[in-house]
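Letters go in sequence order (proteins before strands), and every chain restarts at 1. These values consider heavy atoms only, across backbone and side chains, with no hydrogens, waters or symmetry-generated copies.
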There are 2 protein chains.
Amino acid sequence: MTTDPLSSIFSALADPTRRDIVARLAVADATVNELAQPYEVTVQAVSKHLRVLENAGLVSRSREAQRRPVHLEAEVFDLMTKWIERYRRQAEERYRRLDDVLRAMPDDVEPRPPRPRQTGAGR
Amino acid sequence: MTTDPLSSIFSALADPTRRDIVARLAVADATVNELAQPYEVTVQAVSKHLRVLENAGLVSRSREAQRRPVHLEAEVFDLMTKWIERYRRQAEERYRRLDDVLRAMPDDVEPRPPRPRQTGAGR
DNA sequence: GCCGTATTCAACCTTATGGTTGAAAAAGGC
DNA sequence: GCCTTTTTCAACCATAAGGTTGAATACGGC
């Protein structure tokens with residue numbers, strides 16, 4: 001499957017169990033069994049989660065006897081951070097400029113209502 | 001459906017079309033029709049994508065005649081960035097300390113192999 | 001060589017997701 | 001009042017995702 005890197009990373013982190021796994025791996029490497037311990041699900045399910053994380057490049061596994069310690073690869077976070085920050089900055093820059101325009105606007109010109117909002121969240 | 005905020009945000013950004021929409025909205029607000037233009041898919045599909053983004057709090061829609069301009073809500077990015085940076089920093093901190101330990105380790109002590117790696121990425 | 005432990009593979013089930021088409025709703029233009 | 005434009009709703013379809021159980025594989029301990 002040819003999924004682009006960012007998609008796999010975001011998708012991997014969209015699951016709360018996998019985010020929790022990442023959080024725990026940030027503290028220390030751990031084996032599949034150890035990781036599976038606190039969750040309700042089977043070890044197999046956690047193994048699947050780890051494969052998703054591995055395919056996204058977020059973790060790697062080594063071999064140590066029968067155990068296969070899982071290790072967090074924090075560098076991949078950069079890809080995400082860069083993407084996010086890029087558009088966040090771009091958007092913020094745009095609002096700043098909009099504010100400038102509004103501030104410089106002469107009084108007789110009717111500005112478009114400054115983004116009226118209305119989320120429609122409550123359905 | 002009671003999906004937690006971070007899950008909806010990451011999940012929303014896991015789709016390349018939706019990321020592209022976000023990228024374009026960072027430049028300027030746009031209507032559903034305008035947004036749908038460059039893609040192969042139907043307007044309805046884009047409308048669905050926008051609902052996903054809206055449920056994640058990433059965009060909001062106002063009303064302006066029949067048009068419903070879509071607006072990027074960049075603040076939500078913070079939630080992600082905070083999550084990411086927290087664990088990235090934690091992980092990096094850990095490696096820094098590990099390096100210290102290894103450096104301070106007396107020669108007669110056999111250290112555990114310093115994370116042998118072996119991504120297994122190539123499947 | 002056999003046993004136990006750790007992990008993965010395979011087959012299967014259920015639900016979510018992204019897409020489609022076709023109809024309905026909302027609001028202005030005349 | 002009707003037509004047009006923009007957007008959403010509804011029903012449907014195919015496939016991916018997350019979970020299960022049960023069997024297979026990989027190693028180290030004796």
Engineer: Using the C1' atoms of the five pairs at each end, what is the angle between the end axes of the helix from C/dG1-D/dC30 to C/dC30-D/dG1, to 10°?
Structural biologist: 20°
Engineer: Taking only N and O in the side chain of B/Ser47, is any of them less than 4.0 Å away from OP1 or OP2 of D/dT8?
Structural biologist: yes
Engineer: From C-beta outward on A/Asn33, which listed nucleotide comes closest to its side chain: C/dG18, D/dT8, C/dA6?
Structural biologist: C/dA6
Engineer: Evaluate salt bridge (charged side-chain N to carboxylate O under 4.0 Å, His left out) for A/Arg94 paired with B/Asp29, printing each intermediate quantity in order.
Structural biologist: CA-CA 10 Å; A/Arg94 184 155 74 86; B/Asp29 292 6; 3.0 Å; yes
Engineer: Counting C-beta onward and ignoring hydrogens, is there a side-chain heavy-atom pair between B/Ile21 and B/Leu53 closer than 4.5 Å?
Structural biologist: yes
Engineer: Think A/Arg68 has a side-chain N or O under 4.0 angstrom from the OP1 or OP2 of C/dT8?
Structural biologist: yes
Engineer: Write down the distance between CZ (A/Arg51) and C1' (D/dG18), rounded to a whole number of angstrom.
Structural biologist: 13 Å
Engineer: A side-chain contact here means heavy atoms from C-beta on lying under 4.5 Å apart; do A/Phe77 and A/Ile9 qualify?
Structural biologist: no
Engineer: Is there a side-chain contact between B/Arg68 and B/Leu50 (heavy atoms, below 4.5 Å)?
Structural biologist: no
Engineer: To the nearest angstrom, how far is A/Leu35 atom CG from C/dT8 atom P?
Structural biologist: 11 Å
Engineer: Send over the distance from B/Arg67 CZ to D/dT8 P, rounded to a whole Å.
Structural biologist: 13 Å
Engineer: Between A/Trp83 and A/Phe10, how do the two ring planes meet: parallel, tilted or perpendicular, split at 30° and 60°?
Structural biologist: perpendicular
Engineer: Between A/Asp20 (CG) and D/dG18 (C1'), how many Å, whole number?
Structural biologist: 16 Å
Engineer: Do B/Leu25 and B/Val59 come within less than 4.5 Å of each other through their side chains, counting heavy atoms only?
Structural biologist: yes
Engineer: Round to a whole Å and report the spacing from CG of B/Leu13 to C1' of C/dG18.
Structural biologist: 16 Å
Engineer: So, is B/Arg61 near the phosphate of D/dT7, with a side-chain N or O under 4.0 Å from OP1 or OP2?
Structural biologist: no
Engineer: Measure CG/A/Asn55 against P/D/dA17 and give the value in whole Å, please.
Structural biologist: 10 Å
Engineer: Using a 4.0 Å heavy-atom cut-off, does A/Ser11 contact any base of the nucleic acid, only the sugar-phosphate backbone, or nothing at all?
Structural biologist: nothing
Engineer: State plainly whether one hydrophobic cluster holds both A/Leu6 and A/Tyr87, where clusters connect Ile, Leu, Val, Met, Phe, Trp and Tyr through side-chain heavy atoms under 4.5 angstrom apart.
Structural biologist: yes
Engineer: Protein within reach of the bases, or only the backbone? For nucleotides 19-30 of chain C, mark each nucleotide 5' to 3' as B, S or -, using heavy atoms under 4.0 Å.
Structural biologist: BBBB----B---
Engineer: Any side-chain to backbone donor/acceptor pair from A/Arg18 onto A/Ala12? Under 3.5 Å, distance only.
Structural biologist: yes
Engineer: Would B/Asp15 and B/Lys48 count as a salt bridge (charged side-chain N to carboxylate O under 4.0 Å, His left out) here? Give the steps.
Structural biologist: CA-CA 12 Å; B/Asp15 184 281; B/Lys48 278 193 181 180; over 6 Å; no
